[in-house]
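Heads up, the thing below is written out as structure tokens.
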2 protein chains.
Amino acid sequence: MVHSFDIEDDGGAEAAPQGGRIRQRNKARIIAAAEKVFAERGYDGATTAEIAEIAGLAKSNVHYYFGTKEAIYREVVAGIVDLWLKAFGEITAEDDPATAISAYIRQKLLYSRKRPLASRIFATEIIRGAPILRPFLEADLRDWVEDKAKVLAHWAAQGRMDEVSPHHFFFMIWAATQTYADFASQIAAVLGHKRLREADFEEAIATVTAIVLKGCGIRA
Amino acid sequence: MVHSFDIEDDGGAEAAPQGGRIRQRNKARIIAAAEKVFAERGYDGATTAEIAEIAGLAKSNVHYYFGTKEAIYREVVAGIVDLWLKAFGEITAEDDPATAISAYIRQKLLYSRKRPLASRIFATEIIRGAPILRPFLEADLRDWVEDKAKVLAHWAAQGRMDEVSPHHFFFMIWAATQTYADFASQIAAVLGHKRLREADFEEAIATVTAIVLKGCGIRA
DNA sequence: AGAAAAATTGTCCAACTGGTTAGGTTTTGG
DNA sequence: CCAAAACCTAACCAGTTGGACAATTTTTCT
């Protein structure tokens, strides 16, 4: 029974950091370590021992804070969903299409740059059939897309962009932006770089933005 | 030491089906079962026991044909690379840009529809840092992209399309097409479908093709 | 200070996994 | 028809993993 991602229900103010100082610090360390391990080993490949080691704690101590490995995973995933929700950004009918979509693409791509691990965990979770994230996808994300579909329809009616399937429009943007996190090793290999650089991301932003805007008939 | 994907070096003719009838049939069964298991459980999550069960064989029999789990994985991955190479299709300077790119996008998307498992294994392999596929990416795939970059430059020089970064152009197409295999569960959830349907793929083909062609200034 | 609460860790264990082996059965080819 | 090759599998094993637990140390609060 997942279904609730209101991790700590921060009632308006900044997240209520519950628990003592030590607890807080250690939980954060564990989550950070877990993000790394889950990202590069997958759920089954990850071991609580390695998470503990990276976090600088004894394995039994990790189990003291999180009962099970799955509990750690759930919390990591919940944090990632939070990121997604924030990265959603605001796209409203009043916005200028070019500005709003450009900003959205840039935001998504910068997120791929800054949080590639999170993006990869999200990807593998989806590939596995989204056992944990299904509720989020079917409710929150779906609603968000339906909402934005109306915005796109509005813009199209005003002649400010072509009529394109809003769903597939977003699938395409998500894919084109997340690929720079998930498939970074492929992209780096093809580019002949060891790792992706700042300039690679800038060129990605430019190319994706240009193709998407022009491809949908959005004028600056 | 990977580096060679010429699994059975079929010297021009159709693959030489080496080994006896039984051997052939059982290896094929195992590979098929392994594809399924690796796709939905990941490398570490997959167990030889489950592969055996799905293949309808005893676990020890699986180890009779393939010494180790990694050997099975390598063969599965090698088969997937073969698919990729075939799906590359021909894009030459003499082609009409609109026709060639449309066909490529369609081919890639149909591949996502028909072989989603293969696509997902490919994805997780890349996400893991491409431990097995690195040589392929750095050699074959890189060469292919360099080659096609020239074709795009040629088209651009002729004024038949805009000047866009050829690398990122392909990254975008790969992302936009593979997402329908890798992120199928997310897409289905957002669309409110149980599974992706034929019509979903048709709409995807239409949308992606339209945006990419127009976005690059390619006229029919 | 001192007791209660929180944190830490060494040790242990049952379950599972990939892989081996030895001995049997079936298939194949002459 | 028969022997050699190929195929099949029950039983087994050593290593690993998630997790439990009890004993100890540290922190917190009065």
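Throughout, a chain's letter reflects where its sequence line sits, starting with A, and its residues are numbered from 1. For clarity, every value in this text was computed on a predicted model and none was experimentally measured.
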Run the salt-bridge test on [X] and [Y] with the 4.0 Å N-O cut-off and return the result as yes or no.
| X | Y | value |
| --- | --- | --- |
| A:Arg115 | A:Glu35 | yes |
| A:Lys59 | A:Glu53 | no |
| B:Arg41 | B:Glu50 | yes |

Residue-phosphate contact under 4.0 Å: [X] side-chain N/O, [N] OP1/OP2:
| X | N | result |
| --- | --- | --- |
| B:Arg21 | D:dA6 | no |
| A:Arg23 | C:dA5 | no |
| A:Thr68 | D:dG18 | no |

Using whole Å, what does the distance between atom [atom2] of nucleotide [N] and atom [atom1] of [X] come to?
| X | N | atom1 | atom2 | value |
| --- | --- | --- | --- | --- |
| A:Tyr65 | C:dT9 | OH | C1' | 12 Å |
| A:Tyr64 | C:dT11 | OH | P | 21 Å |
| B:His63 | D:dC12 | NE2 | P | 19 Å |
| A:Arg41 | D:dT16 | CZ | C1' | 14 Å |
| B:Glu50 | C:dC16 | CD | P | 14 Å |
| B:Phe66 | C:dG19 | CZ | C1' | 16 Å |
| B:Asn61 | C:dT25 | CG | C1' | 12 Å |
| B:Leu57 | D:dA6 | CG | P | 18 Å |

By nearest atom, which of the nucleotides [options] is closest to the [X] side chain?
| X | options | value |
| --- | --- | --- |
| B:Lys69 | C:dG19, C:dA7, D:dC8 | C:dG19 |
| A:Ile22 | C:dG18, D:dG19, C:dT8 | C:dT8 |
| A:Asn26 | D:dC8, C:dT8, D:dG18 | C:dT8 |

>> Is it the case that the base of D:dG19 and the side chain of A:Lys59 share a donor-acceptor contact (distance under 3.5 Å, atom types as modelled)?
In response: yes

> Between the base of D:dG19 and the side chain of A:Ser60, is there a donor-acceptor distance below 3.5 Å?
Replying inline: no

>> Once you apply a heavy-atom cut-off of 4.0 Å, does A:Ala46 come out as touching a base, just sugar-phosphate, or nothing?
In response: sugar-phosphate

>> Could you tell me if B:Lys148 sits above the aromatic ring of B:Phe170, with its cationic atom closer than 6.0 Å to the ring centre and no more than 45 degrees from the axis?
In response: no

> Between B:Phe201 and A:His168, is a ring-ring contact (aromatic ring centres under 6.0 Å, His included) present by the stated rule, with each step listed?
Replying inline: CA-CA 10 Å; B:Phe201 279 88; A:His168 295 278; 9.0 Å; no

